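Letters A, B, ... are given to chains in the order of the sequence lines, protein chains preceding strands, and every chain is numbered from 1. Treat the numbers as computed from the prediction; the structure is a model and nothing was measured.
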Amino acid sequence: VAIDRRRALALFVNSAVAVIGGALTTVLGAFALRPPRAAAGERWVRAAALDDLTPNTPVPRVLVLSRANGWYRERARETVFVVWDGDKSLHALSATCTHLGCQVRWDPKATNFRCPCHGGVFDASGNVVAGPPPRPLDRIEARLDDTGTNVLVRV
Amino acid sequence: VKVLDWLQARTGFRDARRVLLDEELPPGTGWFFTLGSVLLALLGVQILTGAFLTLTYAPTPDHAYDSIRYIISTTPGRIVRGLHHYGSSFIVIAVVLHMLRVVAFGSYKSPREATWLSGLALFGLILAFSLTGYLLPWDQRAYWATVVTINIAKLTPLAGEFVAGILRGGATIGALTLTRWYSVHVIFLPLGLIALVVLHLVLMRRHGISGPVRARDGVPQAFYPWQAARDTAVVSVVLTVLAAFAWNGAPPLEAPADPSDATYVPRPEWYFLGLFQLLKYFPGKWEVFGAMVVPGLAALFLVLLPWIDRGPERHPRKRLAVMSVVAAFFIAVAALTALGWRDSPSNRVTSSWTLREIGGRAFVEAAGCARCHAPTGIADPLEQASTSRGPEWLAGHVIDPEMIAPGLREPPPPRRDEREVAAMVAYVQRLSRQPFIPVSSELQVAGKIFARYCVGCHKLDGDGGTEGPDLSAAGSKRDRDTLRRLIADPVSVNSDAEMPAFAKRLTPQELDAIAAYLAAKK
């Protein structure tokens with residue numbers, strides 16, 4: 001009988017410890033591992049005036065984006081290249097190299113984008129010409145606003 | 001099993017288990033001896049929840065309040081903070097019960113004096129945890145309680161300003177105080193706590209548990225699972241009650257800390273209310289007696305207790321002198337706490353929204369603030385808007401959003417009416433603490449009228465100007481039709497009235513709405 005009582009008490013202690021530990025682990029895990037709040041949806045942001053652009057030359061523009069990061073709203077800065085053919089065609093390219101995330105630069109002499117980190121080279125349309133990048137530069141939608149003087153990009 | 005055998009051969013972990021769990025306890029060790037385990041469990045919960053809260057908490061005046069609001073914006077965060085908040089109160093209660101048990105059983109007697117002293121040191125550390133943790137939310141309650149704490153420290157003879165300077169970290173209570181108290185709360189005190197808990201347990205094991213006051217016949221029993229089952233049962237009950245408290249989170253945050261607020265009445269955590277009350281009986285230069293000398297003597301009495309109450313007799317009925325002194329001591333502390341509880345008004349914000357705040361909501365809606373201040377907009381949703389920058393910043397932002405947040409596309413037009421702005425600020429500040437409950441459109445109209453006109457001269461439920469009569473009970477003197485006529489043309493009701501006539505400025509519907517609202521105020 002003593003052995004059974006001992007077993008029953010041990011079972012009680014162990015299962016209570018498991019329940020308490022499990023409950024704490026659940027609530028603390030849910031607290032620490034919860035997915036971050038969904039990011040704000042995409043929106044159109046003014047990137048440049050049409051006067052700022054040069055036909056057929058990617059023009060770097062710095063966007064200031066208001067982003068929520070938990071309780072902190074940061075004004076994030078992000079560079080995009082706005083590409084305009086002087087007529088209807090308008091789009092933008094992300095300046096972030098698709099290899100490891102360095103910022104590419106436009107080389108006007110060679111008319112290509114060069115990544116300073118590992119020698120990635122992209123042509124004016126963003127296609128990979130040389131180096132390790134796995135895919136073309138990300139393309140960003142762009143359009144003129146209703147007045148026809150401002151360039152908006154979708155980020 | 002082979003792996004475990006290998007591990008046993010290399011580490012001897014089964015021996016550790018034997019040392020930890022197979023301690024032989026004297027026969028008759030019972031339910032009274034579970035309080036230490038309760039404390040250990042509660043401290044474990046505090047350490048765990050506290051460590052997890054630091055994942056998200058930011059100890060700076062700019063962000064502390066907002067980061068806690070962010071933590072409690074999700075259910076797990078609300079529960080974790082609730083556990084940490086109520087856990088501190090549970091620990092204080094458990095410490096006091098544990099101490100009373102030790103005193104009643106004479107467990108501090110030779111050879112266990114050092115165990116008693118380490119326990120007292122732990123009690124001191126726990127109070128220090130509570131004081132430092134109280135500041136961290138950086139709301140009004142936190143800020144003003146800390147102002148009082150530091151002013152009490154200033155009473156230290158000879159070195160008052162020096163001690164206060166150490167506590168403040170800077171010239172005033174601010175960023176340096178907050179980082180300092182945070183660091184002490186999460187690094188220095190926990191290190192001390194863990195060291196002292198280990199010491200306390202080692203001493204407890206070295207001398208063995210004191211056991212019942214009269215040795216009983218029988219064979220000693222192993223701690224596990226016999227006493228462990230009692231410990232587990234009590235711990236389970238205590239933690240369940242704690243979880244029930246924590247389920248709805250800690251009490252809501254008050255407004256962000258505002259050093260310029262002259263109206264706030266500080267109120268400490270409930271277990272300091274006794275000390276707080278004691279101060280009131282020692283006015284002027286005698287204050288140091290209430291703040292330091294009396295509590296110091298009480299602490300000294302506790303330290304000396306094992307040498308005051310000597311001799312091997314442990315039964316409480318054979319130690320009536322000591323028992324009555326300790327009982328009187330305990331009753332005095334309880335009475336002071338009760339008096340302090342009754343005397344200090346709590347700053348609980350009224351749960352209903354004021355008319356001005358309701359009017360502010362109407363203006364906020366009309367101004368289209370939610371076009372940008374929305375979950376997918378370019379600015380924080382209104383419910384989460386940062387209010388820690390203070391009412392002036394908010395007013396400036398409402399007056400001209402573009403000026404204070406440059407780079408906005410299509411900025412809304414600036415607003416000129418300062419009363420409307422004040423109402424919008426009041427609404428947003430309230431919204432950051434409490435969700436809005438929709439109200440009838442008539443009440444919204446009344447709110448707009450009150451916030452735009454009446455509030456300049458009249459007080460309503462403690463909010464507004466003082467030139468005109470208080471309107472909080474307007475309906476008890478006049479009925480709805482009289483009030484309507486009074487507002488439209490004051491002289492027609494009271495020939496001495498100085499109030500301007502509003503018949504031309506308000507539409508009939510607006511007059512109806514505000515008169516109906518005031519008539520209901522009785």
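Contact detail for A/Ala10 and B/Pro225: the closest heavy-atom pair is N-CB, 3.6 Å. Here the shortest heavy-atom pairing between A/Arg6 and B/Tyr224 reads NH1-O, 3.7 Å.
Around atom CG of A/Asp85, more than 12 heavy atoms belonging to other residues, nucleotides or ligands sit under 6.0 Å away. Heavy atoms from other residues, nucleotides or ligands lying under 6.0 Å from CZ of B/Phe32 number 12 at most. Few gaps surround CZ on A/Phe12; more than 12 heavy atoms of other groups in view lie less than 6.0 Å from it. For A/Arg143, the CZ atom counts as densely surrounded, since its 6.0 Å shell holds more than 12 non-hydrogen atoms of other residues, nucleotides or ligands. For CZ of B/Arg17, the number of neighbouring non-hydrogen atoms (other residues, nucleotides, ligands) closer than 6.0 Å is 12 at most.
Taking CZ of A/Phe31 as the reference point, atom CZ of B/Arg81 lies at 11.0 Å (rounded to 0.5 Å).
Proximity to chain A among residues 41-60 of chain B is limited to B/Val45, B/Leu48, B/Thr49, B/Phe52, B/Leu53, B/Leu55, B/Thr56, B/Ala58, judged by heavy-atom separations below 4.5 angstrom.
The residue from A/Leu9, A/Ile20, A/Val13, A/Asn14 that alone fulfils the side-chain contact (heavy atoms from CB on, under 4.5 Å) condition with B/Thr232 is A/Val13.
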